[in-house]
Number of protein chains: 2
Amino acid sequence: MTHSTLFGDTIRGIRENLRREDRRFSLRQVAQRIGIEPAYLSKIERGEVPPPSEATTVRIAKELDQDPDVFLAMAGKVSGDLQEIIRKRPKLFAELIRQLKEAPDHAILRVVREVRDGDW
Amino acid sequence: MTHSTLFGDTIRGIRENLRREDRRFSLRQVAQRIGIEPAYLSKIERGEVPPPSEATTVRIAKELDQDPDVFLAMAGKVSGDLQEIIRKRPKLFAELIRQLKEAPDHAILRVVREVRDGDW
DNA sequence: CAAAATGTGTTATATATATGACACATGACA
DNA sequence: TGTCATGTGTCATATATATAACACATTTTG
């Protein structure tokens, strides 16, 4: 069975770019630093297997100097620590997030800033 | 293997309360309306199996007239539609949610209201 | 008391998740 | 030209997920 190539294609692209500057970004060497089998990373990059677990996805993101949350999103996942925050106050966060579904980016950013600078 | 009894104990308690008023809330009848095997619901209530899938959890919540997001939280999950909203703008929502982690309820509620009444 | 309903124990799957091990063909390098 | 590194194909596995089917002992009801 084949899978969405978004995740695989993206990491392959980023890795190959890095490799042009640095031979340490071969598939094999990256796999070793991440702590997975080269064959497995190859399959991930070609979309032959579904995106890996949260932990492995985060390690890939860090190795390629990318944002873990963005990589998790490409992998169809949401970070466990975010989920935990939501699960502690499910009604509140569910309402907030659904409320913000259609809000433009700048509106959400404004909220983020308000909260950061807020005095409570 | 045994599992956290929070989910099971809670639904058993709610179901048994409902049953005092209405015989239709026997385990068997509830299971049939939900569309699962009575033996399976029995195991769920006793924590002999982990909480069921999102779909089944939501059907249980509705049958017992409870908030699906709260039931999903007890089941250790976050609603798929919330996850999808987050995955579409992972950086923005990740920052927002982590920012709100320690915020008191009333502060979050204020944000919800602001957004609802907001003009953009 | 007979029939029906109830909750539970046991057994069995089917599918997905998340990899690892090993071998091989090709290409780069010294 | 031999050695080394590279990417990939094939096979295997361990664990979790998410139930279903059936039988049985007990309780409730008419």
Side-chain angles (χ1 to χ4, degrees), chain A residues 1-5 7-9 11-61 63-64 71-72 74-78 80 83, chain B residues 1-5 7-9 11-61 63-64 71-72 74-78 80 83:
Chain A
M1 187 64 70
T2 184
H3 297 274
S4 160
T5 67
F7 184 73
D9 287 349
I11 75 178
R12 171 149 294 192
I14 293 172
R15 186 180 60 74
E16 286 181 342
N17 274 342
L18 287 170
R19 199 195 179 177
R20 267 169 222 139
E21 313 272 285
D22 187 341
R23 299 217 321 296
R24 296 178 63 255
F25 283 92
S26 75
L27 184 148
R28 267 171 190 268
Q29 293 192 38
V30 167
Q32 195 188 344
R33 288 196 295 277
I34 292 172
I36 63 177
E37 288 293 308
Y40 185 41
L41 179 55
S42 172
K43 280 180 261 195
I44 291 169
E45 289 193 350
R46 288 173 295 122
E48 205 192 293
V49 295
S53 67
E54 173 171 348
T56 298
T57 300
V58 169
R59 269 182 276 129
I60 294 174
E63 177 65 30
L64 302 182
F71 265 40
L72 285 171
M74 280 195 307
K77 301 178 201 294
V78 169
Q83 296 200 32
Chain B
M1 186 65 71
T2 184
H3 297 273
S4 161
T5 66
F7 184 74
D9 287 348
I11 73 177
R12 169 148 296 191
I14 293 172
R15 185 179 60 75
E16 286 182 341
N17 274 342
L18 287 169
R19 199 193 181 179
R20 268 170 222 139
E21 313 272 287
D22 187 340
R23 297 209 330 290
R24 295 177 65 253
F25 284 91
S26 75
L27 183 149
R28 268 170 190 267
Q29 292 192 39
V30 167
Q32 194 186 343
R33 286 196 296 276
I34 291 172
I36 63 177
E37 288 293 309
Y40 185 41
L41 180 54
S42 173
K43 279 181 260 197
I44 291 169
E45 290 194 351
R46 286 174 295 121
E48 204 192 294
V49 295
S53 66
E54 174 171 346
T56 298
T57 300
V58 170
R59 268 182 276 130
I60 293 174
E63 176 66 30
L64 303 182
F71 265 40
L72 285 171
M74 281 195 306
K77 300 177 201 296
V78 169
Q83 296 201 32

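Chain naming here is simple, since letters A, B, ... match the order of the sequence lines and numbering starts at 1 in each. All values below come from the heavy atoms of this structure, side chains included, with hydrogens, waters and symmetry mates left out.
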- A:Glu16 atom CD, neighbour heavy-atom count above 12 within 6.0 Å: yes
- Report the residues that fulfil salt bridge (Lys or Arg N to Asp or Glu O under 4.0 Å) with A:Arg59, sequence neighbours left out, ordered by chain and then residue number. none
- Message: I want to check one thing: is the phosphate of D:dA5, taken as OP1 and OP2, less than 4.0 Å away from some side-chain N or O of A:Gln29?
- Response: no
- Where is the tightest heavy-atom contact between A:Ile14 and A:Phe71, given as atom of each residue plus distance? CD1-CZ, 4.0 Å
- side-chain contact (heavy atoms from CB on, under 4.5 Å) assessment of A:Leu27 paired with A:Arg19: CA-CA 9 Å; A:Leu27 184 148; A:Arg19 199 195 179 177; over 6 Å; no
Show every donor-acceptor pair shorter than 3.5 Å between a side-chain atom in residues 33-44 of chain A and any protein atom, with sequence neighbours excluded, or say none if there are none.
| residue | atom | partner | partner atom | Å |
| --- | --- | --- | --- | --- |
| A:Arg33 | NE | A:Glu63 | OE2 | 2.7 |
| A:Arg33 | NH1 | A:Arg24 | O | 3.1 |
| A:Arg33 | NH2 | A:Arg24 | O | 2.8 |
| A:Arg33 | NH2 | A:Glu63 | OE2 | 2.9 |
| A:Ser42 | OG | A:Arg46 | NE | 3.1 |
| A:Ser42 | OG | A:Arg46 | NH2 | 2.9 |

- Note on the structure: One would report the end-axis bend of the helix from C:dC1-D:dG30 to C:dA30-D:dT1, five pairs per end and rounded to 10 degrees, as 10°
- Task: Identify the residue among B:Thr5, B:Asp9, B:Ile11 that makes a side-chain contact (heavy atoms from CB on, under 4.5 Å) with B:Phe7.
- Result: B:Ile11
- Task: Using a 4.0 Å heavy-atom cut-off across all strands, classify A:Arg24 as base, sugar-phosphate, or nothing.
- Result: nothing
- Partners passing side chain to side chain donor-acceptor pair (under 3.5 Å) against A:Arg20 (at least two apart in sequence or in another chain): A:Asn17
- Message: Is the phosphate of D:dT8 approached by A:Arg12 (side-chain N or O, under 4.0 Å from OP1 or OP2)?
- Response: yes
- Mind checking which nucleotides bracket the chain B contacts on DNA chain C, 5' to 3', with an atom under 4.0 Å from a heavy atom? C:dT6 to C:dT11
- Item | Atom of A:Pro52, atom of A:Thr57 and distance for their closest heavy-atom approach | O-OG1, 3.2 Å
- Message: So if I define the base as every atom that isn't primed, P, OP1 or OP2, how would nucleotides 18-30 of chain D read as a B/S/- string at a heavy-atom cutoff under 4.0 Å?
- Response: SBBBBB-----S-
- Message: With a 3.5 Å distance limit and no angle check, can you tell me whether B:Glu54 reaches the backbone of B:Gly80 through a side-chain donor-acceptor pair?
- Response: yes
- Query: Taking B:Arg15 for the side chain and B:Leu64 for the main chain, is one N or O donor matched with an acceptor at less than 3.5 Å?
  - Reply: no
